[in-house]
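Reminder, nothing fancy here: chain letters follow the sequence lines and each chain counts from 1.
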Number of protein chains: 2
Amino acid sequence: MLNGSELVKPAIRTRVEEAIKSLNYIPHDAARSLASRRTKTLGAILPTLNNAIFAEGINAFERTARDKGYTLVLSISNYDLDDERHLVRKMIERGVDGLLLIGNDHHPDSFEGLRQAGVQHVCAWTHVPDPPAANVGFSNAAAMVDLIDHLVAFGHRRIGMLAGLTAANDRARERVHGARKRLADHGLALPDERVMEIPYSVRAARQAFPKFAEHAVTALVCGNDVIAIGVLLEALKRGVCVPGDLSITGFDNLTLSGELQPAITTVEVLAETMGASAANLLINALEDHRPVESLQLPTRLVVRETTGPAPI
Amino acid sequence: MLNGSELVKPAIRTRVEEAIKSLNYIPHDAARSLASRRTKTLGAILPTLNNAIFAEGINAFERTARDKGYTLVLSISNYDLDDERHLVRKMIERGVDGLLLIGNDHHPDSFEGLRQAGVQHVCAWTHVPDPPAANVGFSNAAAMVDLIDHLVAFGHRRIGMLAGLTAANDRARERVHGARKRLADHGLALPDERVMEIPYSVRAARQAFPKFAEHAVTALVCGNDVIAIGVLLEALKRGVCVPGDLSITGFDNLTLSGELQPAITTVEVLAETMGASAANLLINALEDHRPVESLQLPTRLVVRETTGPAPI
DNA sequence: CTGAAAGCGCTAACAA
DNA sequence: TTGTTAGCGCTTTCAG
């Protein structure tokens with residue numbers, strides 16, 4: 001009997017497998033989810049897809065998730081925390097097993113809903129000492145240290161910053177804070193009038209550029225590479241010599257930043273690693289039934305051609 | 001009694017709604033899907049997210065779908081049709097109500113699986129006379145007509161093409177076909193040795209550029225703007241005058257193409273409209289229980305500064 | 001118009 | 001080990 005069953009089993013298995021193939025059976029995930037109480041789905045809410053750096057990160061997140069049998073549900077918040085709140089709720093209804101958020105700035109309801117529903121989540125693209133949820137990312141503030149030191153070493157004293165919109169964006173805010181703090185360490189100031197906030201767009205950066213002429217800065221720290229590219233292009237167009245008359249720095253190290261001429265000095269961010277790690281940490285936490293671990297990733301100053309000695 | 005019930009109803013409704021709020025009730029989509037046999041989910045399989053043009057399209061697709069109550073499930077195929085086949089199957093298991101695919105090049109199993117499962121789908125970014133599924137897009141071949149005419153009008157006779165990889169990419173193939181066909185209309189040839197295929201990357205384009213020196217072309221038609229940007233940057237670096245010594249054209253009209261100096265002559269593609277339309281057509285078909293309609297969108301030649309008279 | 005009951009197609013717990 | 005059964009939380013159908 002035992003032998004019998006062992007002999008029959010493979011035969012039956014084969015027949016079943018044949019049947020599955022020939023009938024072209026496709027399992028029904030909704031039924032499976034309802035019965036097993038897990039969806040094998042990971043959600044991600046990004047502020048935008050227009051920035052190549054997020055595209056790269058989500059790409060890695062999706063690939064990693066897929067390799068482990070998870071599917072990606074994606075939503076875009078357009079940097080609107082109120083909209084994001086609704087998206088978070090939708091994600092919970094959807095029954096995502098885990099959720100990826102960008103940054104630590106979120107509506108209290110978002111965190112509360114996630115907690116109540118018991119949905120694991122991680123906030124990427126940032127890493128701070130006391131995060132409201134697990135952080136997988138880098139310190140946006142600390143990343144400015146080497147950058148500012150580099151500029152100061154070149155003799156820059158009057159530095160301006162063309163930052164991203166900081167209102168609903170802790171990363172942008174941290175970059176300003178980080179720059180200001182490090183300048184203070186050098187006994188230098190970054191007064192409010194020399195900090196301007198604009199959307200992350202080439203066009204906005206070009207338009208904003210002339211405003212800095214009046215401030216006579218010798219170096220312009222940009223909130224990210226998109227802004228830096230806009231500034232560089234506009235400076236070149238106006239005959240401003242870079243870095244002769246003006247030094248420019250970016251943030252993110254987009255592919256293009258290294259290709260332009262002059263190539264842009266910037267901060268490298270490990271977008272791919274962040275995306276992949278976020279997925280891995282989320283999935284590990286899910287499978288082991290424990291909280292998501294935080295992970296701090298390094299940044300690296302990439303010195304290229306848009307920074308040089310301050311003009312006298 | 002009738003009156004009574006009508007009086008009681010609102011009261012009850014109010015109480016229920018209160019209960020819903022106070023208990024923080026969240027509906028369970030998997031159960032709903034299982035019972036209603038629809039998931040209110042749209043799938044999308046993109047070849048990549050690295051190209052800003054796809055990011056823009058999927059952005060619009062997601063927003064449109066969300067506005068109509070649908071959620072986006074996203075996968076990336078990395079231009080691999082075999083991988084895509086598995087992703088399609090996953091999408092079917094996931095129970096997506098509708099699916100967005102890019103281009104008409106797909107594994108036969110993909111189409112067959114979709115048909116068998118009765119999953120509505122649409123192929124975007126292309127529009128051909130006899131598509132294997134509904135097409136929401138533009139004619140990649142016809143888009144080259146104005147472009148080639150423009151070049152020929154400038155006196156160009158020896159034209160080369162730096163195309164994308166055509167093997168699993170009907171859009172890239174159509175662009176080559178379209179260019180060659182229109183050149184033939186002018187009595188000009190685009191021989192194979194003057195067509196080179198490379199991945200859509202700035203780096204690859206820069207490396208490929210020198211190969212065209214030997215062919216002494218006066219104009220280089222690029223498969224997309226990413227390639228055109230690479231070619232432009234490399235030409236400038238080598239002291240090649242654009243468009244004095246060489247005319248360059250792109251395809252897609254990325255934001256950046258209009259910002260560089262010289263600004264790139266290219267073909268505008270309505271990525272946002274395509275994404276939004278794909279979602280709308282898919283959803284309309286789903287709700288009205290009829291096949292997905294095709295939609296042809298126009299392209300437009302954007303003449304800028306990288307094209308000019310052929311050198312003598 | 002309201003309310004009860006029967007599944008949707010799976011998984012998981014349990015019995016044999 | 002294998003087979004059976006009871007739900008998972010909704011929608012939908014069918015009485016009332």
Side-chain angles (χ1 to χ4, degrees), chain A residues 1-43 68-71 73 89-98 113-114 116-120 283 286-289, chain B residues 1-43 68-71 73 89-98 113-114 116-120 283 286-289:
Chain A
M1 193 70 162
L2 185 76
N3 271 314
S5 80
E6 292 212 13
L7 272 169
V8 170
K9 220 171 32 186
I12 287 182
R13 164 171 304 173
T14 310
R15 287 198 35 171
V16 169
E17 279 170 355
E18 266 170 26
I20 285 180
K21 275 227 160 164
S22 72
L23 292 177
N24 224 293
Y25 166 80
I26 290 201
H28 193 297
D29 273 352
R32 174 176 294 168
S33 298
L34 183 56
S36 67
R37 319 183 121 285
R38 28 187 279 150
T39 56
K40 282 281 209 163
T41 284
L42 253 35
K68 301 207 167 185
Y70 286 75
T71 303
V73 173
R89 196 194 156 87
K90 276 274 171 230
M91 289 288 182
I92 295 172
E93 294 184 10
R94 221 64 217 178
V96 296
D97 291 338
L114 255 10
Q116 272 194 30
V119 173
Q120 300 263 34
I283 292 171
L286 288 170
E287 321 235 295
D288 300 349
H289 302 280
Chain B
M1 194 70 164
L2 186 75
N3 271 314
S5 80
E6 292 212 13
L7 272 168
V8 170
K9 223 169 32 189
I12 287 180
R13 165 170 304 173
T14 309
R15 287 198 36 171
V16 170
E17 279 169 356
E18 266 170 25
I20 286 180
K21 276 228 161 162
S22 73
L23 292 177
N24 224 293
Y25 166 81
I26 291 203
H28 193 298
D29 273 353
R32 175 176 293 169
S33 298
L34 182 56
S36 66
R37 320 184 117 285
R38 25 185 286 151
T39 56
K40 282 281 207 160
T41 284
L42 254 34
K68 300 207 167 186
Y70 286 75
T71 303
V73 173
R89 195 195 157 87
K90 275 276 170 229
M91 289 288 182
I92 295 172
E93 294 183 11
R94 224 65 217 178
V96 297
D97 291 339
L114 256 9
Q116 272 194 30
V119 173
Q120 300 264 35
I283 292 171
L286 288 170
E287 320 236 294
D288 300 349
H289 303 279

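Counting heavy atoms from C-beta outward, A/Q116 and A/I92 have side chains that stay 4.5 Å or more apart. In this structure the side chain of B/L42 reaches within 4.5 angstrom of the side chain of B/I283, judged on heavy atoms.
Annotation for B/R38 and B/Y70: closest pair NH2-OH, 4.0 Å, computed over non-hydrogen atoms. Taking every heavy atom of both residues into account, B/M91 and B/G43 meet most closely at SD-CA, 3.9 Å.
Within residues 29-41 of chain B, the residues having any heavy atom closer than 4.0 Å to DNA chain D are, in order of number, B/A31, B/R32, B/A35, B/S36.
Scanning for salt bridge (Lys or Arg N to Asp or Glu O under 4.0 Å) contacts around A/K40 gives an empty result, with sequence neighbours left out. For B/T39, the side-chain hydrogen bond (donor to acceptor under 3.5 Å, both in side chains) partners are B/D97, not counting sequence neighbours. A/T71 is linked by a side-chain hydrogen bond (donor to acceptor under 3.5 Å, both in side chains) to B/R94, counting only residues two or more places apart in sequence or in another chain. Here A/E287 pairs with nothing under the salt bridge (Lys or Arg N to Asp or Glu O under 4.0 Å) rule; sequence neighbours left out.
For A/H28 and C/dG7, the NE2 to P distance is 17 Å, given to the nearest whole Å. For the pair A/R94 CZ and D/dC10 C1', the interatomic distance rounds to 14 Å; values are reported in whole Å.
Comparing the start and finish of the helix from C/dC1-D/dG16 to C/dA16-D/dT1, five pairs each, the helix axis swings through 50°, to the nearest 10 degrees.
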